[in-house]
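What's counted below: heavy atoms across the whole structure, side chains too, no hydrogens, waters or symmetry copies. Quick note on labels: first sequence line is chain A, next is B, and so on, each numbered from 1.
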There are 2 protein chains.
Amino acid sequence: MDKTQPPAVEATRRPNAAAPRAAGQPLCLPPGVSFDKFKDFIKRAGEICEDANVTVISKSEELSKEHYLDPAKEHDMYHIVGKEYFVSSAVIAPRDVPEVQAMVRLCNEFEIPMWPFSIGRNVGYGGAAPRVPGSIGLDLGRHLNKVLKVDVDGAYALVEPGVTYFDLHNYLVENNLHDKLWIDVPDLGGGSVLGNTTERGVGYTPYGDHFMMHCGMEVILPDGTLVRTGMGALPNPNADPSKPPHEQEPNESWQLFNYGFGPYNDGIFTQSSLGIVVKMGIWLMANPGGYQSYLVTFPRDEDLHQAVEIIRPLRLANILQNVPSVRHILMDAAVMGDRAKYTSKTGPLNDEELDAIAAKLNLGRWNFYGAIYGPEPVRAVLWEAVKQAFSAVPGAKFYKPEEMPDNLVLQTRHLTLQGVPTTTELAWVDWLPNGAHLFFSPIAKVTGDDAAAQYKLTRARCEEAGFDFIGTFVVGMREMHHIVCIVFDRKDADSCRRAHWVITTLIDDAAQRGWGEYRTHLALMDQIAQTYNFNDNAQMKLNVAIKNALDPKGILAPGKNGIWPQAYDAKSWAVPQSRLRP
Amino acid sequence: MDKTQPPAVEATRRPNAAAPRAAGQPLCLPPGVSFDKFKDFIKRAGEICEDANVTVISKSEELSKEHYLDPAKEHDMYHIVGKEYFVSSAVIAPRDVPEVQAMVRLCNEFEIPMWPFSIGRNVGYGGAAPRVPGSIGLDLGRHLNKVLKVDVDGAYALVEPGVTYFDLHNYLVENNLHDKLWIDVPDLGGGSVLGNTTERGVGYTPYGDHFMMHCGMEVILPDGTLVRTGMGALPNPNADPSKPPHEQEPNESWQLFNYGFGPYNDGIFTQSSLGIVVKMGIWLMANPGGYQSYLVTFPRDEDLHQAVEIIRPLRLANILQNVPSVRHILMDAAVMGDRAKYTSKTGPLNDEELDAIAAKLNLGRWNFYGAIYGPEPVRAVLWEAVKQAFSAVPGAKFYKPEEMPDNLVLQTRHLTLQGVPTTTELAWVDWLPNGAHLFFSPIAKVTGDDAAAQYKLTRARCEEAGFDFIGTFVVGMREMHHIVCIVFDRKDADSCRRAHWVITTLIDDAAQRGWGEYRTHLALMDQIAQTYNFNDNAQMKLNVAIKNALDPKGILAPGKNGIWPQAYDAKSWAVPQSRLRP
């Protein structure tokens with residue numbers, strides 16, 4: 001045997017066999033852990049975090065729409081494989097960074113998996129729920145929720161996991177900084193700034209690529225070690241050495257320069273099970289000195305192709321300065337009312353019906369929401385270029401928000417595109433009764449052909465499953481995130497099954513065309529990870545090698561994004577599938 | 001023993017004891033390798049790469065200035081610890097990717113370290129030389145030198161390690177693409193696009209942060225596995241499965257979207273010994289529709305403070321759209337002539353003498369080189385804002401290149417700031433006879449106080465060592481790279497010793513003030529790595545853990561950026577120091 005190679009570890013972690021529950025026993029125990037051992041663990045966790053911050057999950061709470069505002073911490077509000085499948089055994093909320101470290105060490109000692117989350121609003125992707133049923137849900141946001149710093153000269157914030165976009169926005173407003181600094185927000189403002197960034201979410205201002213705009217992390221490794229990345233690894237000479245590391249005054253350049261010296265590690269802590277990010281810097285945008293949002297409506301379904309062809313060169317030339325979106329009529333319609341408001345039909349809406357809805361709402365079949373940033377003379381030049389370019393689409397119409405005071409979507413995008421958080425767009429999930437949703441989010445190049453082909457494919461599959469197509473094309477630096485919103489009725493088992501079928505089918509459809517997803521729900525992580533299989537899964541083998549080196553017992557988020565540590569028998573953790581055609 | 005932990009490996013790799021050289025023996029054998037074993041290795045390497053691509057380094061070539069154009073592949077043209085200290089035992093140039101993989105596997109078999117380089121023009125940081133004397137220099141650029149693709153719609157290039165900035169620029173010109181796409185170049189155009197990016201070099205256009213603007217890598221891991229990162233991990237459905245992996249048609253989004261799915265790994269392959277990057281995507285800038293470079297001169301030495309205070313908000317607001325620089329008078333003077341042209345004095349120049357040089361060249365004590373991008377009306381708005389802001393500095397003067405046809409620096413910056421490569425600035429290294437240089441490159445926040453304090457410190461130390469201060473402040477997204485050019489006479493042992501002293505002293509000086517370097521010469525890697533020691537060297541321990549997992553025998557670039565694999569006894573590889581005060 002090569003002495004430089006670690007010994008093979010037997011993959012022993014498998015789901016527990018079904019058994020009757022004892023009194024006080026959680027819905028699901030951690031894998032391979034007896035109730036007695038679990039009770040010991042809970043006792044020790046209470047000694048670390050106080051009993052009030054330790055909740056054993058012995059019943060499954062009824063979920064409602066209001067769970068966005070007060071999300072369930074133990075399972076997925078938008079469940080597709082049963083409310084009690086992706087469920088934590090206990091939710092524990094450490095009160096400070098050393099308690100996070102202590103919990104990591106405790107999980108190593110007990111060989112119990114943990115699933116950290118910030119707020120639990122990872123909606124459409126699994127919420128706060130863990131990949132491995134029975135994991136400990138580590139609720140970082142309940143107590144670690146401070147805006148630690150906003151630096152005006154450097155235009156950045158340093159935040160803890162529990163800071164939402166609302167929190168950060170309010171902080172700027174309350175401290176009279178909002179005339180100087182803007183944040184970037186995703187569609188919904190209730191999520192965690194840190195959580196969204198580490199999941200590589202996007203927003204809609206020029207700072208829409210959140211990972212690109214982050215700077216500096218404080219991370220707890222799977223062995224409990226606290227690391228500061230980039231310039232944070234260089235001590236501040238004025239730091240008080242008597243303080244614990246997480247409280248030490250950081251280097252002044254930590255939030256100014258990402259890369260530091262040597263390998264740049266931040267990326268491996270995104271969509272990752274290699275560490276728990278407990279502090280993160282995020283760059284803020286200097287007030288651009290002027291702002292104008294606008295809407296361009298495209299009347300015909302087939303205009304999507306031409307619109308995307310117009311967008312590409314404008315975005316590359318930075319004439320479109322931000323992350324714009326082209327939204328399908330039903331996405332806007334769903335924000336402004338549920339399905340019953342528009343139709344009593346049960347099957348998917350056809351083109352005539354979609355045209356009628358567009359006419360009723362004074363919108364196009366596709367609607368482009370953009371914005372221009374800068375002083376008036378600069379905006380005038382850019383607006384002229386934008387207007388001229390999109391005028392090539394026959395029937396395109398241009399609106400500014402003041403011209404459509406009753407258009408809820410335009411009024412909301414006007415806020416979103418200047419980084420003002422809202423929850424208005426949560427409304428589209430109510431398209432169906434007991435509305436829940438899954439996001440199918442493939443990446444493609446910015447071409448009319450790709451957009452049209454993705455639209456055709458995804459709409460056809462949605463309709464095959466009995467759903468309406470609801471979606472938007474979001475244009476980043478050089479690619480489109482196509483976000484298909486699969487809205488289903490979470491209280492209707494058949495609806496859940498059809499939603500599960502359509503997304504599993506689309507993942508394979510997309511991979512066959514070279515499109516891959518940038519992010520996904522817990523139930524689809526393995527399937528998507530397996531599509532990124534170039535050269536005999538070389539990337540996955542690399543990820544697993546690093547995982548096993550840093551987390552030999554596999555206690556941190558096993559299975560996240562399809563990466564299974566050596567202690568886990570991956571196959572036995574396959575999610576119940578719904579691959580039957582509806 | 002915990003069965004999940006690898007066994008400890010004894011650190012056995014130490015420098016070889018001095019011994020007489022046999023005929024044909026290299027100047028320096030790989031550590032722990034006999035001449036017989038080395039000969040076996042060379043024979044095997046010749047079978048892989050052909051003998052013509054295998055060069056045993058048995059004599060030390062005389063170096064001259066022309067080595068920038070035709071760089072030495074086996075040692076550092078700007079050596080400070082003796083020409084024969086950082087030297088390869090052999091230089092081997094694989095002809096394709098499978099030969100790189102085969103060489104990696106051969107080095108594992110023989111337990112011989114390898115040091116990959118692209119072109120060998122990492123000037124001021126060690127050139128092509130390896131950190132561990134006797135390593136195999138892996139010359140990637142000799143054969144892997146193709147522009148594999150330039151995509152106009154996606155505005156990117158895919159390049160091999162041997163593609164220089166000149167090559168890429170010429171490719172665009174020759175293919176009539178230069179009216180559409182611009183590249184970003186560092187000061188000298190002869191370096192590798194891929195090599196500069198993986199060392200996290202910077203340029204001066206809006207695309208100046210090369211790592212930020214890269215997209216997608218093909219990497220050979222230390223075990224020989226070929227990985228494509230990001231979207232490259234998703235196969236192109238049209239790829240020909242009968243081709244070897246490195247020749248397979250890549251996913252169409254590989255160069256469009258960096259992150260892919262799961263952990264984003266690219267950063268760990270920069271300033272790194274974890275993999276050999278053999279293909280890389282780089283985003284190109286769309287022709288901005290207009291360009292104007294300019295110079296602002298600041299008459300007094302103390303104007304640096306005010307200039308930097310003016311720059312910060314302009315840069316944050318993107319009124320300064322690119323990476324501008326504020327250059328010390330001697331940096332410009334040195335491009336336009338050697339020291340003897342200006343003075344016969346031996347000691348460092350004093351303020352009066354610097355004023356006289358500035359007057360002679362019609363420049364300021366500090367000179368700001370900027371540019372504005374966009375159509376004329378946009379440029380007019382930005383220029384007004386820039387001019388108004390810098391006019392606050394008493395005596396500031398504004399020049400456009402057409403107003404100073406004889407100013408070689410302004411004429412050169414006019415090219416550099418629009419991404420046209422040159423070698424003009426190579427001239428400043430001839431400030432002294434037999435000129436060589438080291439870069440001291442600390443990062444700081446963009447404030448007048450930091451700039452003034454760094455200038456004061458670094459100028460004082462340079463003068464203490466008998467050198468003139470030559471330097472520039474380069475302003476990135478939110479930080480300054482202060483690049484101090486320590487010019488010394490490489491044929492004068494005392495001059496080398498003083499250069500070594502001043503940089504080792506400055507590294508400690510800087511760390512005591514919280515400033516850390518972003519990149520460094522081979523001889524300083526350990527010292528700088530040790531300054532990034534927050535929380536008991538937590539970051540280094542993380543780096544070493546990943547290193548040992550991916551490269552258990554430590555064959556790939558041991559010691560790079562201070563990271564020593566488990567098989568190496570780090571202390572025994574300390575570089576001979578010159579810490580005595582001059």
Side-chain angles (χ1 to χ4, degrees), chain A residues 3-7 9 154-155 200 225-228 231 233-237 245 251-253 256-257 259 261-268 270-272 286 316-317 375 377-378 381 443 445 478-479 512-514 516-517 528-529 531-532 534-535 538-539 542-543 545-546 549-550 552-553 561, chain B residues 3-7 9 154-155 200 225-228 231 233-237 245 251-253 256-257 259 261-268 270-272 286 316-317 375 377-378 381 443 445 478-479 512-514 516-517 528-529 531-532 534-535 538-539 542-543 545-546 549-550 552-553 561:
Chain A
K3 68 170 181 171
T4 64
Q5 293 294 347
V9 171
R200 299 201 299 261
T225 304
L226 182 138
V227 174
R228 286 179 179 167
M231 298 307 291
L234 190 78
N236 183 319
N251 188 280
E252 290 186 334
S253 298
L256 298 173
F257 183 63
Y259 307 134
F261 182 77
Y264 171 49
N265 294 319
D266 290 32
I268 66 171
T270 63
Q271 292 192 2
S272 157
L316 275 176
V378 170
V381 173
I443 297 290
K445 59 189 195 298
R478 281 190 175 44
E479 97 299 337
Q512 282 164 21
R513 289 161 172 80
E517 289 70 51
I528 291 179
T531 67
Y532 284 77
F534 174 75
N535 193 20
Q539 178 179 265
L542 166 63
N543 287 334
I546 297 175
L550 301 187
K553 293 181 178 172
N561 284 78
Chain B
K3 69 173 181 173
T4 63
Q5 293 294 346
V9 171
R200 299 202 299 261
T225 304
L226 181 136
V227 174
R228 287 180 179 167
M231 297 306 293
L234 190 79
N236 183 319
N251 187 279
E252 291 187 334
S253 299
L256 297 173
F257 182 62
Y259 308 134
F261 182 78
Y264 171 50
N265 294 319
D266 290 31
I268 68 171
T270 62
Q271 292 192 4
S272 159
L316 275 178
V378 170
V381 173
I443 298 289
K445 60 189 195 297
R478 281 191 173 43
E479 96 301 335
Q512 284 164 21
R513 288 163 173 79
E517 288 71 52
I528 291 178
T531 67
Y532 284 77
F534 173 75
N535 193 20
Q539 178 179 264
L542 166 63
N543 287 334
I546 297 175
L550 301 186
K553 292 181 177 172
N561 284 76

ask   = Highest number of heavy-atom pairs under 4.5 Å with chain A: which of B/Gly154, B/Gly516, B/Pro263, B/Ala317?
value = B/Pro263

Smallest separation among heavy atoms of B/Gln539 and A/Arg228, with atom names = OE1-O, 3.9 Å

remark   = Assert top hit (heavy-atom pairs under 4.5 Å, partner chain B, pool A/Pro245, A/Gly262, A/Pro237, A/Gly514) equals A/Gly262

query = Can you tell which of B/Thr531, B/Val378, B/Asp266 has the highest number of heavy-atom pairs within less than 4.5 Å of chain A?
reply = B/Thr531

ask   = Who among A/Ile268, A/Leu550, A/Asn236, A/Val381 has the most heavy-atom pairs with chain B under 4.5 Å?
value = A/Ile268

remark   = Output for pair (A/Phe261 CZ, B/Arg200 CZ), nearest 0.5 Å, gives 9.0 Å

inquiry  = According to side chain to side chain contact (heavy atoms under 4.5 Å, CB included), who are the partners of A/Ala538, at least two apart in sequence or on a separate chain?
reply    = A/Asn535, B/Thr225, B/Val227

Contact winner vs chain B - A/Gln271, A/Arg478, A/Glu479, heavy-atom pairs under 4.5 Å = A/Arg478

ask   = In terms of heavy-atom pairs under 4.5 Å with chain A, which of B/Pro235, B/Ala286, B/Ser272 leads?
value = B/Pro235

message = Just so I know, are the side chains of A/Asn265 and B/Asn543 near enough to count as touching, which here means a heavy-atom distance under 4.5 Å?
response = yes

Set of ring-ring contact (aromatic ring centres under 6.0 Å, His included) partners for B/Tyr259, sequence neighbours left out = A/Phe211, B/Phe257, B/Tyr264

inquiry  = If you compare all heavy atoms of B/Ala549 against all heavy atoms of A/Ala545, which two are closest, and at what distance to 0.1 Å?
reply    = CB-O, 4.1 Å

note = Of B/Leu226, B/Leu234, B/Asn251, the one forming a side chain to side chain contact (heavy atoms under 4.5 Å, CB included) with A/Phe534 is B/Leu226

remark   = Comparing B/Ala155, B/Ala233, B/Pro375, B/Pro377 against chain A, the one with the most heavy-atom pairs below 4.5 Å turns out to be B/Ala233

